[in-house]
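The structure appears below as structure tokens.
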Amino acid sequence: MPELPEAETIVRGLRTAVLGEHIHRVEVMHNDILRQPKTEFVRGVRGRSIDAIGRRGKNVLIRLEGDRVIAVNLGMTGRLLPFSALPRGERRPSHPAVRFRFESGALLVFDDTRRFGTVEALTDDEWQTRSARMGPEPLDAGYRARDLFRALQRSRAPARSWLLDQKNIAGLGNIYANEALYLAGVHPQREARRVRRPEAMGLHRAIRRVLRDAIQAGGTTIRDYRNAEGGRGEYVRRLCVYGRNGEPCLKCRSDICRIVFANRSAFYCPTCQPVPTP
DNA sequence: AGTGTATCCTGCAGGC
DNA sequence: TGCCTGCAGGATACAC
């Protein structure tokens, strides 16, 4: 659920909260969150300090001394919650999966209701290999509209499926993929290779605009997403199609439609995003 | 090779 | 009230 803007918002919050902390103890409450043996994970992180916090696509990267990195994929309901002391009462995480305790007494909790998220300790080299298999960062200055157009040409997948595939672009999820397609006037089921050059230009612009605006709004909270301070994302108020089926299109007043394909809902305006003609 | 489907898991909303 | 179904921001093993 957390997509690029949510991951970026969490990263910014974590920088002020846990940068420089020294990991003293690690507790794993749910082994299924880890993608490696628990002993290997603990060995990779314990006793190291946090040098930097970064992001790649939807992944939060906690960089440790000694060329190590904790890679966190938030899945659908994952949260990274820093606390200055052991939390109690309402502020306590509901489904803690991994707890990092710092020498200062502060701690960082990976909390995940559905446990679709993953946490792993990697060397920089291992992470580089992983990162190389992912598509370009859509907000990088070097990501060009013509690159998007050329890549689209090579696929028969529906445009929405193509945008969700992290090998094509890193960081888009179901919300922002649908929003970008709406802004670009492309139907979610249009074959990627049938997106014309001017439409690809518009889609490139739409992707970057949606992601930048959503970061500025602190992401989108539908139900579970919270930032590092426990706060909500305000981009919900700016959504044009996602979750708005049956409501009027903001441009033309047609009813927004919801369809399901590839096991996920897609939202679009039947007038602004005409059905693909075979 | 590249795409679509089913699956992991929990919680919530809505219908009866 | 309680039971059932469907739905949810992701990623991936598998079948075609």
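Naming convention: chains lettered A, B, ... in sequence-line order (proteins, then strands); numbering from 1 in each chain.
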Per-nucleotide pairing state of DNA chain B [Watson-Crick or G-U, under 3.5 Å; [ ] pseudoknot-crossing; | other strand]:
.|||||||.|||||||
A/Ile169 atom CD1 is separated from C/dG10 atom C1', nearest whole Å, by 17 Å
Whole angstroms only, please: what is the CD-P distance between A/Gln166 and C/dG10?
8 Å
Ring pair (Phe, Tyr, Trp, His ring centres under 6.0 Å) partners of A/Tyr268, counting only residues at least two apart
A/His187
Could you check how far OH of A/Tyr225 sits from P of C/dG10, rounded to whole Å?
14 Å
Result block: side-chain N/O donor-acceptor pairs under 3.5 angstrom for residues 63-71 of chain A, not counting sequence neighbours:
from: A/Arg63; atom 1: NH1; to: A/Asp124; atom 2: OD1; distance (Å): 3.0
from: A/Glu65; atom 1: OE2; to: A/Ser49; atom 2: N; distance (Å): 2.9
from: A/Glu65; atom 1: OE2; to: A/Ser49; atom 2: OG; distance (Å): 3.3

Report the distance from atom CG of A/Asn59 to atom CE of A/Met134, rounding to the nearest 0.5 Å.
5.0 Å
Under the ring pair (Phe, Tyr, Trp, His ring centres under 6.0 Å) rule, collect the residues that match up with A/His204, sequence neighbours excluded.
A/Tyr143
Who pairs with A/Glu191 by side-chain contact (heavy atoms from CB on, under 4.5 Å), at least two apart in sequence or on another chain?
A/Arg156, A/Arg193, A/Arg194
DNA chain B: A/Asp165 or A/Arg223, which has the more 5' nearest nucleotide?
A/Asp165
In whole Å, measure the gap between the P atoms of B/dA1 and C/dA11 for me.
24 Å
How would you list, by chain and number, every residue that makes a ring pair (Phe, Tyr, Trp, His ring centres under 6.0 Å) with A/Tyr242, sequence neighbours excluded?
A/Phe267
Under 4.0 Å from any atom of DNA chain C, heavy atoms only: list the residues of residues 260-268 of chain A that qualify, in numerical order.
A/Arg264, A/Ser265
With a 6.0 Å cut-off (strictly less than), is the heavy-atom count around NE2 of A/His22, excluding the residue itself, greater than 12?
yes
Give a yes/no on whether any side-chain N or O of A/Asn174 is located under 4.0 angstrom from OP1 or OP2 of C/dG10.
no
Looking at A/Tyr242, I'd like to know whether one of its side-chain N or O atoms comes within less than 4.0 Å of OP1 or OP2 on C/dG9.
yes
Do any side-chain atoms of residues 215-222 of chain A form donor-acceptor pairs under 3.5 angstrom with protein atoms, and if so which ones, sequence neighbours left out?
from: A/Thr220; atom 1: OG1; to: A/Tyr176; atom 2: OH; distance (Å): 2.6
from: A/Thr221; atom 1: OG1; to: A/Tyr225; atom 2: O; distance (Å): 3.1
from: A/Thr221; atom 1: OG1; to: A/Gly233; atom 2: N; distance (Å): 2.6

Expressed in angstrom and rounded to an integer, what is the separation of A/Asn168 atom CG from C/dG10 atom C1'?
16 Å
A/Arg79 side-chain N/O to A/Asp224 backbone N/O, donor-acceptor pair under 3.5 Å:
yes
Residues in side-chain contact (heavy atoms from CB on, under 4.5 Å) contact with A/Ser131, at least two apart in sequence or another chain:
A/Arg56, A/Trp127
Tell me whether A/Arg208 contacts the main-chain N or O of A/Val210 through its side chain, where contact means a donor paired with an acceptor under 3.5 Å.
no
Pairing residues for A/Arg154 by the side-chain contact (heavy atoms from CB on, under 4.5 Å) criterion, not counting sequence neighbours:
A/Ala151
Nt span of DNA chain B in reach of chain A heavy atoms at under 4.0 Å, 5' end first, is B/dT3 to B/dG11
Which nucleotide sits closest to the side chain of A/Lys58: C/dG9, C/dA11, C/dA8?
C/dA11
Take the protein atom CG of A/Leu164 and the nucleotide atom C1' of C/dA11, then report the distance between them rounded to whole Å.
11 Å
I need the CG-P distance between A/Leu211 and C/dG9, as an integer number of Å.
16 Å
Students often get this wrong, so: under 4.0 angstrom with heavy atoms, is A/Asp112 touching a base, only sugar-phosphate, or nothing?
nothing
So what does A/Ser155 hit on the nucleic acid, given a heavy-atom distance under 4.0 Å: a base, only sugar-phosphate, or nothing?
sugar-phosphate
Close N/O contacts between protein and nucleotides 12-16 of chain C (under 3.5 Å):
none

Salt-bridge test for A/Arg130 and A/Glu126: reply yes if a basic N is under 4.0 Å from a carboxylate O, no otherwise.
no
Please lay out, stage by stage, how A/Leu181 and A/Leu203 fare under the test side chain to side chain contact (heavy atoms under 4.5 Å, CB included).
CA-CA 7 Å; A/Leu181 287 168; A/Leu203 184 56; 4.1 Å; yes
